[in-house]
Amino acid sequence: MNDLRLPSEDRDQSPHTGWTRAHWEAVAEHWLLTARRHASPDGGLITPPARPSGAGIRSDGIEGFARSFLIAAPLLAGREADPHDHAGWYARGLAAAMAPEGPDRWGRAIGVNEIQQWNGTPQPIVEAANLAFGLAICRAQVWDRLEDKLRDQTAEWLTHHCVKHGSDNNWLLFTAVIEAFLVWAGYDVPGGHAQADVDLFESWYLGDGWYNDGPISPTTRHGNRVDHYNSWVIHPFLWQWYQMSDQPADRRDQYLRRLGEFADSYALLFAADGSSLHQGRSLTYRQAVLGGLWTAGLAGVGSAAAGATRRLASGVLRRFTLDRGVGVDGPPSLGWSAAEFLPMCQGYSGPGSPYFAGMGFLGLAAPADHPLWTEPEQPQPAERADGVGSLVRTLHAVGWVIQSSDGIVQIANHASDHVVDPDTGLGDPHYASVGYSTHTAPGVGQAWAEEVDGQLALVDEWGRASRREGLRGTVTGDGWAASWFRPRMGGVDVPGARVVTLSVLHQGSELRAHLVTAPAGWTVREGSFAVAGAREPVVEGAAVVDGAAAAGGTSVHGSGVTVDLVPLHGWTGSGVARYRGDNAFGEHSATPYLTAEIVPGLPTVFASAHRLGRTAVAPVPVSVVVTGDCLVASWEDGRRDEFILSELFG
């Protein structure tokens, strides 16, 4: 039953979205009261009905409690009123969780006698961090009011987890923030290693405000794990660490500069309608994409005005709430919209996992008289971009090129592939594609197995496709980026195969070119973006084409989005791959693709134009001339690009 009640819109204060702090509080209250319906009798576990995670159902219950507390904490910190007694409710639940013999007793992570209870998982480390993060936000409202015995019990439980060693990625920040909170609250932490962990994590800094989520691969200067974790864990937890720990002023200032740079570049990844980039893992966290932006707003860094930050954030919350129905008629599902969509979720995600969206409510920690809530809304970057046609920016340190045009934001991805070891690792559809956008999602399931959307694949005589796994190098320039890889099948390199891929984003289109070397017996295929919706997408022009520079192309329309794929050089055939149940954006999906034969062992150039739009897609604004491996692109506005593809990587 939908009992979400929203106040009237205020178009004077918020001319773009109509949403104010009152709307945020209403959604937060609704989510918290809905969570209570799925709590245990004593309130120490919150377990909505859904597929259990790999960590087990009790771990899922702790997730539901600790992650929903991420919503309650800023709500409590930013206002005096607490009409539903969230502070008291979570305090009572915490007491049940810490009771030594109680039914809600929280176990401990790996390394103690209770290991069987956790199926060998270290997952409680994460939830301990979420609890500590929330307690730091609302210390005066919850922590300081706990009875001494409960504070000590909770501190002892937190201490157990903060001295553990989690994964060498953002987990280092979980234990660091737990330790910082405990020290800040007056407790000793024997065996703590927070300083060393933060030092290590800081060594993974890439630039432009972005961090690699783990050790940087030696095969590429950019690293290979870049995604929304920068916003929903890395920057919020680093900010908390620097808030609570005693650090030199120059180091703290360095971090704040990085946070500001991150917020400025990350804000470019949101469409004006509130859609966020669909790339990376743990996407069921949804609104948590706002964590880094709220963090920058609270810290007072970055170039965006407070009103622009709130406008962007309210657009995202409104999009997930009103357009997608997330958390309206029940707890947030494992998926992207209101409906469950398990194929996009990881095995570590369970019923309580989506409550990490609470990180997206962090702005509520600012009081009602803070500029984040009092300044009138101002346009976000995507709106300013659409006013002039398009906006393109290269994140050189990340290996992405961002383009905002016609209400859609897309990226050309030439660094992030989530493969730690390119020689042995496997790919992931949410990292391996050349392109991602705010209005399309990569195909999973059978669609991923067939390697069509966002891929340049070699296809053998049995129809099996190679994968783009383990990028070996990246170079970037003004509005363009390139990478190279060795196509792999079954975790093994295709003998003698090599692909150099170039993306140039300009005038609302992407010119995508490939220099392909392959042995005999293979054909080459390139897929564009997958368009999805409740009904089968409409296809126009999906006919076989003739000639090295065939005219025309294929258009796919669905759910207000159109993708055009136009062959520019080398391609001799085209088609559309259709799937059902393999896309987070709708039951039916379709991806246009191009095909060609290749001369064995001879490097060959293939070029195409890809264009995404909300409205009718106009003819692509670029033409190419290819001589050997030299590509010259001429754009309608007079821009001219020239690349010798074989020399991009020596």
Side-chain angles (χ1 to χ4, degrees), residues 51 271 273-280 283-284 286 319-320 322-326 328-329 332-345 406-410 428-430 432-455 457 459 463 465 510 525-544 552-566 573-595 608 610-617:
R51 179 208 70 182
D273 69 356
S275 296
S276 53
L277 187 69
H278 198 84
Q279 178 270 341
L283 289 169
T284 194
R286 300 179 177 98
R319 176 78 163 142
F320 276 115
L322 296 187
D323 297 342
R324 297 189 175 122
V326 175
V328 172
D329 290 323
S333 66
L334 284 168
W336 186 246
S337 299
E340 184 178 77
F341 187 70
L342 293 177
M344 63 164 269
C345 297
D406 196 21
I408 293 176
V409 176
Q410 68 181 90
D428 183 316
H430 292 91
S433 292
V434 177
Y436 293 95
S437 87
T438 53
H439 287 73
T440 62
V444 295
Q446 187 63 28
W448 168 236
E450 296 182 4
E451 289 287 320
V452 181
D453 67 88
Q455 300 294 315
V459 182
E510 177 188 357
R525 181 183 68 204
E526 176 182 59
S528 191
F529 296 89
V531 174
R535 299 179 180 179
E536 287 201 32
V538 176
V539 177
E540 297 179 7
V544 173
T554 305
S555 296
V556 179
H557 315 274
S559 297
V561 179
T562 296
V563 59
D564 263 11
L565 174 59
V566 179
S574 66
V576 174
R578 296 178 180 271
Y579 301 97
R580 187 169 185 178
D582 287 346
N583 197 287
F585 279 40
E587 177 70 14
H588 301 273
S589 62
T591 303
Y593 63 83
L594 300 170
T595 60
S608 57
H610 304 245
R611 183 159 184 170
L612 279 169
R614 297 296 306 275
T615 57
V617 178

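Numbering starts at 1 and runs along the sequence shown.
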| message | With heavy-atom distances below 4.5 Å as the criterion, would you say the side chains of Arg578 and Val539 are in contact? | response | yes
| said: I need the Gln410 CD to Tyr436 OH distance, nearest 0.5 Å. | reply: 13.5 Å
| field | Residues which pass salt bridge (charged side-chain N to carboxylate O under 4.0 Å, His left out) with Arg319, listed by chain and number, not counting sequence neighbours | value | Asp273, Asp323
| task | Would you give the length of the straight line joining atom OG of Ser275 to atom CZ of Arg614, rounded to the nearest 0.5 angstrom? | result | 7.0 Å
| message | Run the side chain to side chain contact (heavy atoms under 4.5 Å, CB included) test on Val556 and Val538 for me, step by step, so that the C-alpha distance in whole Å, both residues' side-chain angles and the decisive distance to 0.1 Å come before the verdict. | response | CA-CA 6 Å; Val556 179; Val538 176; over 6 Å; no
| request: Write down the atom of Thr554, the atom of Gly541, and the distance for their closest heavy-atom approach. | output: OG1-O, 3.6 Å
| task | Over all heavy atoms of both residues, which pair between Ala432 and Gln455 is shortest? Give the atoms and the distance, please. | result | O-NE2, 3.4 Å
Donor-acceptor pairs are to be reported for all side-chain atoms of residues 585-595 against protein atoms at under 3.5 Å, with residues two or more places apart or in another chain.
| unit_1 | atom_1 | unit_2 | atom_2 | d |
| --- | --- | --- | --- | --- |
| Glu587 | OE2 | Arg580 | NE | 3.0 |

| query | Step by step, would you call Ile408 with Val561 a side chain to side chain contact (heavy atoms under 4.5 Å, CB included)? | reply | CA-CA 9 Å; Ile408 293 176; Val561 179; 4.1 Å; yes
| If you take all heavy atoms of Thr284 and Gly335, which pair is closest and at what distance? | OG1-N, 3.2 Å
| His439-His278 aromatic ring centre distance below 6.0 Å | no
| note | Shortest non-hydrogen pair, Gly581 vs Pro343, comes out as O-CG, 4.4 Å
| task | Report the distance from atom CG of Asp564 to atom NE2 of His557, rounding to the nearest 0.5 Å. | result | 7.0 Å
| request: Answer yes or no: is there a donor N or O on one side and an acceptor on the other, between the side chain of Arg525 and the main chain of Glu451, under 3.5 Å? | output: yes
Check: residues 526-534 side-chain donor-acceptor pairs under 3.5 Å, at least two apart:
| unit_1 | atom_1 | unit_2 | atom_2 | d |
| --- | --- | --- | --- | --- |
| Glu526 | OE1 | Ser608 | OG | 2.5 |
| Glu526 | OE1 | His610 | NE2 | 3.4 |
| Glu526 | OE2 | His514 | NE2 | 2.4 |
| Ser528 | OG | His610 | ND1 | 2.8 |

| message | Can a donor-acceptor pair be found, under 3.5 Å and without considering hydrogens, that links the side chain of Asn583 to the backbone of Ala441? | response | yes
| Phe320 and Trp336: aromatic ring centres closer than 6.0 Å? | yes
| message | Rounded to the nearest 0.5 Å, what separates atom CG in Leu612 from atom CG in Asp406? | response | 9.5 Å
| query | Roughly how far, to the nearest 0.5 Å, is CG of Leu283 from CE of Met344? | reply | 4.5 Å
| Arg535 atom CZ, over 12 foreign heavy atoms within 6.0 Å | no
| query | Where do Arg51 and Leu342 land on the side chain to side chain contact (heavy atoms under 4.5 Å, CB included) test, with the steps shown first? | reply | CA-CA 9 Å; Arg51 179 208 70 182; Leu342 293 177; 4.2 Å; yes
| message | Side chains of Ser333 and Arg286: any donor to acceptor distance under 3.5 Å? | response | yes
| field | Stepwise side chain to side chain contact (heavy atoms under 4.5 Å, CB included) check, Trp448 with Asp428 | value | CA-CA 8 Å; Trp448 168 236; Asp428 183 316; 5.5 Å; no
